[in-house]
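Just follow the structure's listing: the first ligand is 1, and inside any ligand the first atom is 1. Every heavy atom of this structure was used, including side-chain atoms; hydrogens, water molecules and symmetry mates were not.
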Amino acid sequence: MITSAELINLVKTYDPEVNADMLRKAYMFAMEAHGTQKRASGSPFFYHPVEVARLLAELRLDVPSVITGLLHDVLEDTSVTFEELEEIFGSEVAFLVEGVTKLSKVNYASSKAHQTENFRKFLLATSKDIRVLIVKLVDRLHNMRTINYIASIEKRKRIALETIEIYAPLAERIGMNVIRDEIEDIAFYHLHPNEYSAISVRLEQIRSKDDNFVQNTVAELNRVLRGAGIEATVSGREKKAYSIWKKMRQRNVSLEQINDIIAFRVIVKTVEQCYLTLGVIHTHFPIMPGRFKDYISIPKLNNYRSLHTTVIGPLKQGIEIQIRTEEMHRVADEGIAAHWSYKEGNVVSSGEDPKKYNWIKSLLTILQNSGTPEEVMDHSKLEMFENEVFCFTPAGDLITLPRGATVVDFAYEIHTSIGSTCIGVRVNGKIVPLKTVLRNGDQVDIITSPYQNPESSWERFVVTGKAKSCIRKFVRSQEKEEFVNIGLQLVKNVFSSTKTVFAENLVDYKSFSCDSLGKFYYSVGRGTISLNSVRTMLSDGDGYRSVVEDPICLMDYTPGIAVHFSECCHPILGDKIIGILVPQKGVVVHITSCAHLGRGKNVFVRVKWNKEDEVESTFISRLRIVIINQRESFSIIMNVISSSGASIANIKVEHRSVDFFDLLVDIKVNDVIHLGEVQAALRTCANVRSVRRL
Ligand code: MN
């Protein structure tokens with residue numbers, strides 16, 4: 001255990017003006033307060049806060065943080081009060097200690113109401129001062145390092161679960177990756193001992209195959225960089241079992257397929273040198289496409305900055321290389337803690353935008369607005385809002401959605417117009433289908449197109465009321481449009497069946513108590529106004545009539561014979577029809593399924609629609625197809641269309657973005673069934689995002 005003098009000396013290495021008396025006082029205070037308390041290991045409890053303080057000092061955190069480390073358990077575990085702390089150590093330290101104490105009280109055993117209340121207080125404290133979270137995470141780190149001493153397997157598992165579900169995500173969120181890696185790995189060992197040892201054994205095998213692999217690769221990278229005049233520190237570090245396991249699950253690959261079991265790091269002086277180094281590496285080693293990431297231009301949410309690339313390394317193996325400056329490296333390891341450390345005697349937050357912590361405040365707002373605590377929380381984990389999922393916009397704003405929400409829900413949550421025009425989406429940088437269900441911490445980047453409209457199929461997978469009602473509203477209005485079109489077509493058919501030239505001023509919609517033409521067509525389309533009554537309207541009117549082209553072609557009789565449409569079944573264009581020869585009247589055309597056909601002795605005449613041939617052979621349908629912007633996408637859809645027996649009459653790129661092409665494709669098909677087959681075939685292509693008939 002570190003003595004108070006050693007601790008003071010440690011702090012002095014980065015803060016020469018440390019108030020040594022205050023530190024010493026805190027050290028003694030904690031020792032006295034914890035008295036004879038013992039830890040599970042049998043050692044004095046006091047060892048724990050001292051160790052936490054030492055870890056904080058190693059992170060070069062400011063003195064109030066180190067003092068908080070010493071005192072962090074006195075409010076919870078001893079009779080010391082907040083007022084006492086405030087009186088002796090000031091309000092800053094008292095506030096920090098109280099904040100750290102809050103989350104300690106969130107555990108699986110306490111009642112839900114208490115969990116929520118404590119978590120709320122903890123977030124409140126954290127949102128005012130991120131150091132609360134830093135101290136808490138270091139506290140958890142030490143607890144995990146000593147978890148072996150806890151006898152009960154059940155208790156160890158509970159703590160491990162809590163660590164993976166609450167503390168590791170929090171650590172990641174503020175970029176304290178070294179701590180996250182370690183606590184996750186220990187937790188993994190206790191939660192899944194079999195998987196842990198399986199991975200460890202495999203790692204050992206891989207290592208023994210070539211024990212100089214890291215050394216030789218580092219040497220070769222060094223040689224190449226030196227040759228280019230770049231001064232760099234190169235190192236290789238094996239990933240933790242847990243992070244390998246996570247990758248295997250995420251990418252569904254085997255251990256052998258993971259290239260980045262060992263991450264090689266190149267640390268250089270300046271940002272320019274980062275890119276220079278990247279260039280040198282890419283010219284010396286073949287790159288593996290699709291793996292390059294520039295987190296310097298676009299830092300991660302937690303401020304992580306680095307260049308990542310994967311190349312076929314000097315030993316002809318895929319290797320991941322991370323290139324960064326020393327400053328970036330420190331932030332990559334320590335995250336926010338790096339900003340809270342002492343620099344030249346001052347606490348600097350080095351340009352940290354306080355808005356960065358908005359996610360904490362948002363979380364707080366959610367807690368405050370969400371009814372009874374029982375409603376909010378079923379487990380004491382960061383994902384404790386069992387019914388909610390927290391995601392982020394590219395700008396880092398928190399969007400809260402009900403669990404099960406998809407990216408379309410997310411888009412509607414941002415704005416109705418974003419939802420309605422959403423064409424594709426990147427989740428954590430990867431393009432995923434629109435029906436993808438979101439998970440906590442996902443960063444969601446919605447891609448929109450002005451030509452996109454909500455699709456009725458979305459209704460099947462969205463979960464939020466907002467998205468549902470917007471989609472339904474649009475679909476309904478589209479349906480309405482369709483009924484209007486059908487109605488218009490029907491009315492036109494009635495006109496031509498009575499040999500009248502269609503003109504809108506002949507449509508006396510008011511006599512049907514409709515206040516507009518549109519409503520009239522809609523009612524006709526829906527069938528609430530009968531075609532018979534429309535026909536009656538026409539014969540009553542005194543509008544201009546002229547003979548139009550006979551829509552019916554008689555197959556067995558010479559043209560010129562009078563043709564009538566039956567009053568019983570009202571055939572319209574496209575119906576299957578048959579004629580009956582009626583003496584002194586001519587041919588009366590019925591639908592083949594008309595009930596009147598069976599009556600009496602009829603002389604049948606084969607008739608067919610004039611335009612049917614044409615319709616059949618040149619049926620052109622317009623599809624809106626969204627494809628992923630990849631070189632092969634075009635040829636794939638061409639192939640699919642032609643192998644379905646259809647052909648492309650016209651193709652137009654209506655809109656293109658980095659990720660998608662939005663195409664209008666006119667295709668020639670035989671009929672509606674054929675069209676359906678083509679659409680289905682297109683939908684099965686991985687490169688096709690959506691297909692819709694216009
Ligand atoms: Mn503690």
Side-chain angles (χ1 to χ4, degrees), residues 1-2 4 7 23 26-59 61 64-82 84-85 89 93-110 114-115 118-119 121-122 125-126 129-152 155-156 158-168 170-171 174 176 179-180 182-184 186-187 190 337 380-381:
M1 186 191 65
I2 192 169
S4 75
L7 182 63
L23 256 183
Y27 193 100
M28 303 320 272
F29 187 91
M31 188 186 268
E32 266 169 43
H34 289 293
T36 56
Q37 288 172 355
K38 290 262 194 309
R39 300 202 87 211
S41 62
S43 59
F45 187 92
F46 173 63
Y47 285 12
H48 164 66
V50 167
E51 189 59 16
V52 171
R54 185 183 67 81
L55 291 168
L56 289 164
E58 277 177 356
L59 282 169
L61 283 168
S65 302
V66 178
I67 292 179
T68 302
L70 287 168
L71 301 174
H72 80 269
D73 275 329
V74 298
L75 283 183
E76 193 185 354
D77 296 334
T78 75
S79 57
V80 173
T81 64
F82 177 83
E84 274 175 80
L85 283 184
F89 299 101
V93 166
F95 168 81
L96 290 172
V97 173
E98 196 195 23
V100 176
T101 308
K102 301 297 180 201
L103 195 58
S104 312
K105 289 183 178 162
V106 181
N107 61 55
Y108 280 70
S110 67
H114 272 110
Q115 285 171 19
N118 284 316
F119 193 65
K121 281 183 188 158
F122 170 78
T126 305
D129 199 322
I130 200 76
R131 288 176 296 178
V132 168
L133 183 54
I134 298 174
V135 175
K136 186 67 213 173
L137 287 170
V138 172
D139 173 36
R140 177 54 55 131
L141 172 63
H142 186 244
N143 286 336
M144 289 308 283
R145 282 182 179 176
T146 52
I147 194 173
N148 270 328
Y149 293 112
I150 293 171
S152 151
K155 193 176 175 194
R156 284 205 302 257
R158 178 180 62 72
I159 294 170
L161 198 62
E162 217 173 63
T163 298
I164 281 204
E165 289 178 342
I166 302 180
Y167 295 101
L170 283 172
I174 62 171
M176 297 182 72
I179 290 184
R180 182 209 57 191
E182 187 175 343
I183 61 176
E184 255 178 5
I186 301 170
H190 289 278
S380 72
K381 42 180 169 174

Parallel, tilted or perpendicular: ring planes of Phe89 versus Phe29, cut at 30 and 60 degrees | perpendicular
Would you mind telling me which of Val97, Val52, Val50 makes a side chain to side chain contact (heavy atoms under 4.5 Å, CB included) with Leu70?
-> Val50
For the Mn ion (ligand 1), check which protein N, O or S atoms are under 2.8 Å away and list them.
-> His48 NE2, His72 NE2, Asp73 OD2, Asp139 OD1
Rounded to the nearest 0.5 Å, what separation is found between the [atom1] atom of [X] and the [atom2] atom of [Y]?
X	Y	atom1	atom2	answer
Ile147	Lys155	CD1	NZ	9.5 Å
Leu71	Thr101	CG	OG1	10.0 Å
Met144	Tyr167	CE	OH	11.0 Å

Other residues, nucleotides, ligands: >12 heavy atoms within 6.0 Å of Phe82 CZ = yes
